[in-house]
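Reading through the structure tokens given below for one structure.
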Amino acid sequence: MVDAAGNAPARKPTVALALGAGGAKGLAHIGVIEEIEAQGYAIVAIAGSSMGALIGGIHATGRLDVYRDWVCALAKLDVLRLVDWTFSGGGLIKGDKIIETMRGLVGDAQIEELPLAFTAVATDIERGREVWLSRGGLFEAIRASIAIPTVFRPHLVDGRRLVDGALLNPVPVTPLIREHADYLIAVSVDGPAVAATPPEPPVQASAADDSYRRRIGEFIGRMLPRGASRPREPGTLELLTQAMDLMQANLSRLRLAAYAPDLLIQLPHNMALAYEFYRARELIELGRAQARAALANWPRAGTPQREG
């Protein structure tokens, strides 16, 4: 195509994007993606681990705006209602309700039919190997990649028992090395801590919400952090996610040193807790702001730094 003057439009620089793990912190990836595209880049390939796989996979369907609007409307109790607790199968949460909700929201697809290349990274827990899922059902791959050990049940894919990809590759640059793109950008939510985190938004609960809260309160109370009226001790999930964050941050540094992207966008590791999905709007804007700052300070000299 040409414009009225007979000139072909300038080609957008292309980006292969690695999205890291991090639970609710990974919602910042939405802001990063939107800012990258707003600045004139075309994302042609995505690889993600855990929450990075979920956000990247939904973006690959072209329905990220639908998911963004939905997740921004979630309140605390909405998040809890998406959790299907279980006491068997190797995890506290089945994960079926979350995945079916996502399927209903954005629709399912075969990965190989998506308009851009997508890879969800998981871990074969029995063989101790990293697994790249780049074919088959999109949400089957995402479900495997988000299976945090002991939190979500492992997911069987082609006879392999798969868990969270962040165990071996928290910010998966390596699946993108083969992709033909001008730049390789990685996004990590394991960056240096900020001095303070914003206060949680207030929650308005109805009588029905109060009843629901009472039914699950005792169980949730054992899992989540304690209230201010008691001595401050981490809940089970908080302690687990802190341990996972520490492991992932150190592994990310090692992997990114070995396979350095053209640009690394880092977000502070303490910007949210792993289950604070009700802070979506705030986290998305943090991602957007950090991406804008990183791109503004990126000394790429106007020309691609990678060979296709």
Next on the checklist: For W298 together with Y183, are the ring centres under 6.0 Å from each other?
Outcome noted: yes
Checklist entry - Taking side chain as C-beta onward, heavy atoms only, is F152 less than 4.5 Å from V163? => result no
Checklist entry - Same cluster or not: are L267 and L64 linked, directly or through other Ile, Leu, Val, Met, Phe, Trp or Tyr residues, by side-chain heavy atoms under 4.5 angstrom apart? => result yes
Item to check | Salt bridge present between D78 and R81 (N-O < 4.0 angstrom) | outcome: yes
Item to check | Heavy-atom side-chain contact between W70 and L74 under 4.5 Å | outcome: yes
Checklist entry - Would R255 and E130 pass as an ion pair if we require N to O under 4.0 Å? => result yes
Checklist entry - Where is the tightest heavy-atom contact between H155 and E140, given as atom of each residue plus distance? => result NE2-OE1, 2.7 Å
Next on the checklist: Please say yes or no: joined through hydrophobic side-chain contacts below 4.5 Å, possibly via intermediate residues, are L251 and Y259 part of one cluster?
Outcome noted: no
Next on the checklist: Between F139 and V106, is there a side-chain heavy-atom distance shorter than 4.5 Å?
Outcome noted: yes
Checklist entry - Are L246 and Y275 linked, directly or through other ILVMFWY residues, by side chains that come within less than 4.5 angstrom of each other? => result no
Checklist entry - Do V189 and Q266 come close enough that some side-chain heavy atom pair is under 4.5 Å? => result no
Checklist entry - When rounded to the nearest 0.5 angstrom, what is the spacing between CD in E126 and CG in D124? => result 6.5 Å
Next on the checklist: Run Q39 and L295 through side-chain contact (heavy atoms from CB on, under 4.5 Å) and show every step you take.
Outcome noted: CA-CA 9 Å; Q39 295 207 21; L295 289 166; 3.7 Å; yes
Checklist entry - Transitively linked via ILVMFWY side-chain contacts under 4.5 Å: V83 with M102? => result yes
Checklist entry - Checking E276 side chain against L273 main chain: does a donor-acceptor pair fall under 3.5 Å? => result yes
Next on the checklist: Rounded at 0.5 Å granularity, tell me how far CZ in R127 sits from CG in L162.
Outcome noted: 9.5 Å
Next on the checklist: Looking at V194, is its backbone amide N or carbonyl O close enough to the side chain of N270 to form a donor-acceptor pair, meaning the two atoms are under 3.5 Å apart?
Outcome noted: yes
Checklist entry - Checking side-chain contact (heavy atoms from CB on, under 4.5 Å) for the pair L27/M51: CA distance, chi angles, key distance, verdict? => result CA-CA 8 Å; L27 291 171; M51 192 62 183; 3.6 Å; yes
Next on the checklist: Contact between S252 and V171 at the side-chain level, heavy atoms closer than 4.5 Å - yes or no?
Outcome noted: yes
Checklist entry - Which pair of heavy atoms, one from G57 and one from F118, lies closest together, and at what distance? => result N-CE1, 3.3 Å
Checklist entry - Pick from I284, I55, I58, V187: which one makes a side chain to side chain contact (heavy atoms under 4.5 Å, CB included) with I33? => result I55
Item to check | Separation of S50 OG from I146 CD1 (nearest 0.5 Å) | outcome: 7.0 Å
Checklist entry - Looking only at side chains, do E37 and H59 share a donor and an acceptor under 3.5 Å apart? => result yes
Item to check | Minimum-distance pair of heavy atoms, taken over all atoms of A28 and M271 | outcome: CB-CE, 4.0 Å
Next on the checklist: Is there a side-chain contact (heavy atoms from CB on, under 4.5 Å) between L82 and F277? Walk through the geometry before answering.
Outcome noted: CA-CA 11 Å; L82 290 172; F277 288 90; over 6 Å; no
Item to check | Donor-acceptor contact present, side-chain E112 to main-chain G136, <3.5 Å | outcome: yes
Checklist entry - Does the side chain of I46 come within less than 4.5 Å of T119's, by heavy atoms? => result no
Checklist outcome for this item: Closest non-hydrogen contact found for L167 with P149 is CD1-CG, 3.7 Å
Checklist entry - Is there a donor-acceptor contact under 3.5 Å from the side chain of T123 to the main chain of I125? => result no
Next on the checklist: Please give me the minimum heavy-atom distance between P172 and V121, naming the atom from each residue.
Outcome noted: CB-CG2, 3.6 Å
Item to check | same_hphob_cluster(I99, L114) at 4.5 Å side-chain heavy-atom cutoff | outcome: yes
Checklist entry - Salt bridge check: are E282 and R279 linked by an N-O gap of less than 4.0 Å? => result yes
Item to check | CD on E285 to CZ on R288, rounded to 0.5 Å | outcome: 4.0 Å
Next on the checklist: Taking the side chain as everything from C-beta on, heavy atoms only, tell me whether L77 gets closer than 4.5 Å to Y278.
Outcome noted: no
Checklist entry - Would you say the side-chain atoms of S49 and N169 include a donor-acceptor pair closer than 3.5 Å? => result no
Next on the checklist: How close do D182 and K12 get, counting heavy atoms only, and between which atoms?
Outcome noted: OD2-O, 4.3 Å
Next on the checklist: Take a 6.0 Å sphere around CZ of R160 and say whether it holds more than 12 heavy atoms from other residues, nucleotides or ligands.
Outcome noted: yes
Item to check | V131 vs L133, side-chain contact (heavy atoms from CB on, under 4.5 Å): CA-CA, chis, key distance, verdict | outcome: CA-CA 6 Å; V131 177; L133 300 168; 3.8 Å; yes
Checklist outcome for this item: Rounded to the nearest 0.5 Å, the CD1 atom of I93 sits from the CD1 atom of I148 at a distance of 8.0 Å
Item to check | Side chain to side chain, V173 and L184, heavy atoms closer than 4.5 Å | outcome: yes
Next on the checklist: Measuring from atom OG of S145 to atom CH2 of W132, what distance do you get when rounded to the nearest 0.5 angstrom?
Outcome noted: 13.5 Å
